[in-house]
Engineer: 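Dumping the structure here so I can ask a few things about it.
We name chains A, B, ... by the order of the sequence lines, and we start the count at 1 in each one.
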Amino acid sequence: MSAFISVLLFGMTRDLTGHSSVLVPIHEPTRVGDLLSQLHQDYPALAGLRTLLVAVNGEYAEVDQEIGPTDEIALIPPVSGG
Amino acid sequence: MSAFISVLLFGMTRDLTGHSSVLVPIHEPTRVGDLLSQLHQDYPALAGLRTLLVAVNGEYAEVDQEIGPTDEIALIPPVSGG
Amino acid sequence: MIAITVDPIDVAAALKSIELEQAGAIDLFLGVVRNSTQARSVNRLEYEAYDRMAVSEMEKIANEAHQRWPILRYTIIHRKGTLQIGEIAILIGVATAHRGDAFVACRYIIDTIKQTVPIWKKEVFMDGEEWVNALFGLS
Amino acid sequence: MIAITVDPIDVAAALKSIELEQAGAIDLFLGVVRNSTQARSVNRLEYEAYDRMAVSEMEKIANEAHQRWPILRYTIIHRKGTLQIGEIAILIGVATAHRGDAFVACRYIIDTIKQTVPIWKKEVFMDGEEWVNALFGLS
């Protein structure tokens, strides 16, 4: 089944992609790792990040976690709060 | 030569002696240790203190330091600031 | 209390929020915008947060600190938006019965925030700007 | 700035006194009068100082801290006289470029003050009073 996942982008990931969120086409079922591959393909500049994590519904997620269109997905580049 | 040394008393030393300062008769030259012996003789309750140091002109002094009537002497019972 | 705010951080109010009769020690840590980084002159900082997740990650850190040390009260306030030199970016306050716990818990909280909380800082220089620590090969 | 005062300690003023453009971290430690000690209920504390020597001993501690860590600014304010529960007895503020130095220097200063500075604290209970830690055999 084909669908779109909305991905929130912050900080450097927003600068590298030029967007504060993107809609990524996926084939369900899909996993965090699949989404990351797709994003790296669409935005090769993401490879320059020291780290790139994914949050699903506000929690850090592993690459094998399944995701769908109703999840809130965000890319987390290296944090620098404080 | 005979003289008096004024000794400032704080905290528990004031409570134990009943005075905020005392005049101690000394024979010059005298040392911090001599003064302490005299005070312990006059006020045996001082022996109950965990520690008893002497300050001469605002500095901690060793027992062999010479002192005279013009020095500012203070007894320093265990400190508990902060 | 944990908060992310665009307003200047009110230190007196934060302190008041963690005072209580059982507290013998309070450690307040302030992260402040300084005027240079690695000898490069900074004009201002811009902080961005993934608010929802930043708050929940700070809650996790506070809970972990609570389990490790006998914290009586705490507060964590992180500011976002544009901050000028000298402004407070983060305040962490910890009240405990004894001072050792306050220092250690406060230090743990700030160190862990810098590792896990989704907040990003952009340094704006005279001649450019840079997301701190984001890319390989940049300082 | 080092001071001994009978007036309530003004945290905001103390903070202001150590702010500067080079500071990236400020650690403020507050020693507060708590309502109990070893399960005994405390009414109030009375602090007494040998002022002249207390200030010079605090100066020595600050100088030593300055030599050990890159402190940009600091303040130490110790209150004396009668203090009620919840009141601040001591404030130590340290401003540094990086946070590790602020925490460590602040901790060093309070720990050393408690060992060497001629200030004495009397705990006043419902049923008596006691100079803290003065006599053998007392708590």
Engineer: Name the option with the most non-hydrogen atom pairs under 4.5 Å to chain D; the candidates are Asn57(B), Thr51(B), Leu16(B).
Structural biologist: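 Of Asn57(B), Thr51(B), Leu16(B), Asn57(B) has the most heavy-atom pairs under 4.5 Å with chain D.
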
Engineer: Need one label for Ala49(D): side chain, backbone, both or neither, based on atoms under 4.5 Å from any heavy atom in chain B.
Structural biologist: backbone

Engineer: Side chain from CB out, backbone as N, CA, C, O: work out which of these in Leu52(B) comes under 4.5 Å of a heavy atom of chain D, or both, or neither.
Structural biologist: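 Interface part for Leu52(B): neither.
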
Engineer: Please state whether the rings of His66(D) and Tyr74(D) are parallel, tilted or perpendicular, taking 30° and 60° as the class boundaries.
Structural biologist: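 If you compare the ring of His66(D) with that of Tyr74(D), the planes turn out perpendicular.
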
Engineer: If you take all heavy atoms of Leu49(B) and Pro78(B), which pair is closest and at what distance?
Structural biologist: CD2-CD, 4.2 Å

Engineer: Output yes when a side-chain donor or acceptor of Thr30(B) lies under 3.5 Å from a complementary backbone atom of Ile26(B), and no otherwise.
Structural biologist: no

Engineer: Using modelled atom types only, decide if a donor and an acceptor are shared between the side chain of Arg44(D) and the backbone of Val124(D) within a distance under 3.5 Å.
Structural biologist: no

Engineer: Do you know which of Thr116(D), Ile113(D), Ile110(D) has the most heavy-atom pairs with chain B at a distance under 4.5 angstrom?
Structural biologist: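 Heavy-atom pairs under 4.5 Å are most numerous for Thr116(D).
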
Engineer: Do Trp120(D) and Tyr50(D) make the cut of ring centroids closer than 6.0 angstrom?
Structural biologist: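 Aromatic pair excluded; centres sit 6.0 Å or further apart.
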
Engineer: Considering only heavy atoms, which portion of Ile90(D) lies under 4.5 Å from any heavy atom of chain B: side chain, backbone, both, or neither?
Structural biologist: side chain

Engineer: Between Pro70(D) and Asp101(D), what is the shortest heavy-atom contact and its length?
Structural biologist: CG-OD2, 3.3 Å

Engineer: For chain B, which candidate among Lys80(D), Arg79(D), Lys114(D) shows the most heavy-atom pairs at distances under 4.5 Å?
Structural biologist: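 Of Lys80(D), Arg79(D), Lys114(D), Lys114(D) has the most heavy-atom pairs under 4.5 Å with chain B.
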
Engineer: Non-hydrogen atoms of chain B under 4.5 Å away: do they reach the side chain of Glu57(D), the backbone, both or neither?
Structural biologist: side chain

Engineer: Contact part of Lys60(D) toward chain B, heavy-atom cut-off under 4.5 Å: side chain, backbone, both or neither?
Structural biologist: side chain

